[in-house]
Amino acid sequence: MIYHDIIIVGAGLAGLRAAIEASDLGKDVAVITKVHPLRSHSGAAQGGVNAALANNPDGRDDTPDKHAYDTVKGSDFLADQDAVDVMTNEAPARIYELEHWGCPFSRFKDGTIAQRPFGGAAYPRTCYGTDKTGHFMLHALYQQCVKRNIKFYEEFFVMKLVVEDNQARGVVALNLGTGDIVSFASSSVIFATGGSGRIYGKTTNAHVSTGLGVAIPFWEGVAIKDMEFIQFHPTGIIGKYILMTEGCRGEGGYLLNNAGERFMKNYVSEKIMELAPRDITSRCIQTEINQGRGINGGKYVYLDLRHLGKKKIMERLPGIRDICIDFLGVDPIKQPIPIHPVMHYTMGGIDTNFDGATSVRNFYAAGEAACVSVHGANRLGGNSLLETIVFGRRAGEHAAKNLKAEKEKNTRIAEKAKKEQVKYVEGLFKNGGKENPYEIKKQVSTVMDDKVGIFREETNMKKAVDEIKELRIRYNRDSRPVKSGKIYNYDLLWYLEMKGSIDIAVVIAAGALARKESRGSHSRTDFAKRDDDNWMKHTVAVFNDKAPVITYKPVVVTKYQPVERKY
Amino acid sequence: MSAHVKARGEFLWFFQRVTALLLVYFLGMHIVILHFIRKGTITFASVAEKFAANPVFYKVFYFIFIPALLFHAFNGAWSVFVDYNPPEKARKITGAVFWVIGISLTVLGIIAVNSLLGGVK
Amino acid sequence: MEKTFRILRYDPEKDQEAHFQDYKVPYEKGLTVLEGLYYILENLDATLAFRSSCRAAICGSCAMHINGQYRLACRTQVSALNSDLITVRPLSHLTILKDLVVDLKPFFDNYKKIEPYLQPEKAEPAKEFTQSEKERGKIDKLVDCILCAACYGSCPVASTNPKYLGPQALVAALRFINDSRDGKTQERLAIVANDEGIFRCHTIFNCQQVCPKDIDPTNAILKLRGKSFMSKLTGKI
Amino acid sequence: MRKKNQLVKLYDDFTLNFNTGTIAWLLHRVTGVLLLVYFLMHAFVIGSAVHGHVNFDTALAKVQTPFFHILEIGLIGVIFFHLINGVRLLIIDLTGLSKAHKVLFWIFMAALVVFMAYTARMILTNVLSEAGGSLK
């Protein structure tokens with residue numbers, strides 16, 4: 001039985017930033033994380049983080065407003081414009097703050113933070129540290145946590161959010177190291193659990209990004225928003241699906257088809273070329289592949305960096321080169337990189353406002369797990385890292401300022417919830433399952449890859465929804481974790497993770513099926529046009545054991561009226 | 001300032017390297033002089049005769065060589081000893097013992113060389 | 001085609017001693033050791049415990065001993081090992097908690113000892129601290145460290161002297177000393193320039209050999225020695 | 001699990017890190033310790049000079065047999081390994097050429113082999129000539 005005023009679940013960028021803020025405001029904070037903070041998937045972010053610093057000589061007149069417009073346009077006008085303004089206005093302050101905390105950004109000649117062009121942005125405003133920006137930011141924030149002596153519960157796996165009277169009371173977690181189930185009472189809970197990439201099979205996401213962090217509050221009645229918007233990154237390496245940063249194209253890399261042609265010129269203007277937003281670039285690549293212009297007729301095209309030269313690659317993209325050599329045996333200095341679009345990011349998530357608050361009192365969310373809706377239907381590269389530090393901080397601040405400590409009551413409630421979870425886990429171990437849970441989860445992923453991918457279509461998606469529902473029933477009924485010891489029972493962990501993945505998969509597929517238009521990353525072959533009259537609204541899903549209940553809510557429009565999106 | 005500040009070790013480290021460099025020359029010469037350029041059995045007289053040929057050189061030579069060697073040897077041994085993370089008390093005792101043996105052997109060595117330089121006693 | 005994965009197993013709830021267990025894993029081109037471990041977990045033996053996260057060599061979860069060397073399991077291609085037998089052990093010098101999972105607390109404690117956060121002396125400017133490309137170049141590589149602990153596991157000194165800060169913490173110390181924005185060089189040197197720090201290193205180069213990010217911790221330690229000596233001699237850096 | 005003793009740890013570290021660096025370090029350490037032991041014995045023998053030449057000559061006579069002269073080859077080998085590897089480490093320490101440590105090690109080992117062949121030949125010639133024979 002443990003109590004902290006504020007409990008933060010997840011120790012990626014958003015979680016750490018929230019912890020720092022709440023701790024600086026003098027609150028008793030603890031961070032629960034299922035992996036060591038430095039193993040968080042934030043560290044895998046490569047390209048950079050957007051902020052209108054106007055450091056780049058080619059972008060001296062950049063402003064947060066221009067950043068906001070690019071973001072809204074990139075989102076295909078589904079982003080909430082008030083939230084976007086908050087994000088872009090706070091961006092420079094957050095970047096300077098990170099820099100003061102030691103984040104080793106790359107530099108321009110004049111000693112300022114270097115900025116590179118990125119997809120969908122009219123100005124070069126993506127601040128970067130070589131091609132390891134996420135890694136640098138994660139380490140800088142973790143170091144600040146070390147400085148503040150923030151309490152971490154490492155390798156504690158949160159299984160349940162405790163909610164009573166529509167108010168968060170704490171969480172129940174499994175201590176992986178001992179196998180004990182522990183109750184964490186708190187007066188405020190912030191979820192910063194990251195994305196849901198592992199719902200798909202072909203994804204750039206880490207093994208730990210399963211979507212369970214979205215599923216747990218979902219099960220407690222918290223609404224989740226816009227889950228059908230799944231970003232496919234244009235450039236993931238074949239076979240391993242590891243990300244090749246957008247920075248590759250930002251630095252001037254080419255996309256080539258089997259004829260050695262820069263095919264992007266057939267789709268977008270000559271000025272933009274490879275730097276179109278991710279949804280568009282991914283569709284272009286997929287179209288080339290579908291029409292037989294993949295390399296050797298295969299399911300991939302080339303990302304060519306050779307013309308950048310050895311010096312530039314070693315300076316700006318050393319990590320990319322290492323990955324290519326390690327995982328493909330290809331040296332990008334000498335050979336083009338075989339790539340195809342790969343699931344990369346979930347625009348949707350827990351429905352929050354721009355203070356991180358949700359429909360449940362004292363429950364907050366931030367980062368990829370949340371959907372403030374700054375990304376709308378398609379996120380711009382470099383905005384996800386920005387989202388984590390802006391809204392992570394705001395969630396931490398808001399939670400700390402609105403804190404009403406109710407130690408005794410919450411402890412009692414959390415303890416009761418713990419007992420239920422102990423019973424639940426004991427029940428799981430009682431009878432062995434007939435089916436291999438990993439096998440069922442794999443089938444779910446295949447369905448998602450094949451039928452809820454880049455191009456979507458009615459019949460396929462109907463099939464997908466039915467198949468996943470069927471698989472979900474089999475998973476819960478017929479598969480069980482093995483009854484091995486208590487200490488580091490990873491099988492139990494993965495079993496619970498995949499349960500979350502499957503429930504979120506249902507929401508993605510159902511939301512996609514319902515949305516009869518094409519917008520941003522949601523591209524339907526049977527409804528190829530955007531339909532602002534009927535569909536300029538957010539999908540909101542609420543949990544129900546049979547099927548998620550889907551409703552809609554309006555988009556906040558302030559300055560920018562929707563126009564046709566051209567690049 | 002943090003709580004875990006310990007005695008710094010730059011000079012021990014530096015002298016280990018300086019003496020190493022000295023020993024390259026002195027130990028090398030010592031072996032060449034006494035083992036390679038050798039005719040017949042070494043006796044007190046043969047060594048004394050060799051030394052008498054150039055007493056100042058040998059005096060300076062061994063007065064540097066012996067302390068350097070002892071420092072290098074015992075500092076090296078200390079390094080091996082600390083590798084095994086001995087308790088604080090053992091460190092103090094061993095450190096003192098190393099200094100005592102080191103200094104006594106230096107004195108002994110210098111007396112021995114002196115007596116060889118002095119010829120038959 | 002199949003490869004044999006020989007894995008060091010240890011379950012504290014059952015076993016007195018660690019022992020090897022063999023698994024047959026189907027091989028196809030491009031198989032990494034981590035994928036092999038996942039195959040075992042998902043299909044052969046769900047009791048196997050190992051850490052992993054990003055599977056792209058950036059999170060540092062999966063450092064282990066694979067066929068004669070400490071490596072990241074995720075970026076180690078089975079084909080590159082040129083062997084039908086893949087022997088996998090956990091990192092050395094750290095208590096095995098289960099199978100390939102070790103207790104990294106001593107390792108992270110060492111990291112925390114060097115005060116691993118920027119401590120600027122100057123007041124924070126309204127914008128960024130400027131840093132020339134050359135100054136930024138001084139922390140290149142050093143900032144790439146992913147704290148995977150492969151260097152620590154390979155260091156024979158860390159084996160016998162748990163108080164030794166170890167290669168990783170010393171790399172981190174140099175990373176801050178070399179950072180033009182940091183103002184606590186002397187204090188940082190005082191933390192590392194002692195018998196449990198840079199002078200415990202015997203230039204064995206194992207850390208250099210195993211570092212998956214090619215950082216060369218041995219060299220970092222040599223540089224720290226030079227700096228600490230000069231600072232001791234001249235009273236400044 | 002039982003705690004490992006220091007020898008098992010040493011063995012593990014050696015086999016799990018079968019690198020040039022480990023080999024060099026281990027040999028450097030073993031030769032260093034051997035030399036310290038030898039040096040104490042050496043000091044004991046030579047130290048007898050303090051008591052005058054008779055003691056010195058008796059002590060020295062004991063260690064000047066063909067057997068000890070042949071052992072001397074080993075002694076010089078131990079000394080020169082320690083010396084030459086020490087020079088390698090000094091070079092790396094001073095120049096920072098840490099990436100060159102393997103190349104330097106093998107170059108220096110080759111030099112050591114050549115040197116030891118010369119030493120062995122010379123000492124054996126001396127020993128044989130004193131015993132009335134000759135290598136030729």
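Order of the sequence lines sets the chain letters (A, B, ...), proteins ahead of strands, with each chain counted from 1. Here the structure is a predicted model, which is why all the values come from computation and not from measurement.
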Legend entry - Interatomic distance, C:D195 atom CG to B:N85 atom CG [nearest 0.5 angstrom]: 11.0 Å

Legend entry - Minimal non-hydrogen separation, B:V82 against C:N161, with atom names: O-ND2, 3.0 Å

Legend entry - Heavy-atom closest contact (C:H202 atom, B:S79 atom, distance): CE1-OG, 3.1 Å

Around atom [atom1] of [X], are there more than 12 heavy atoms of other residues, nucleotides or ligands at under 6.0 Å?
X      : atom1 : answer
C:Q16  : CD    : no
B:E49  : CD    : no
C:K138 : NZ    : no

Legend entry - B:F11 and C:F229 aromatic ring geometry - parallel, tilted or perpendicular at 30°/60° bounds: perpendicular

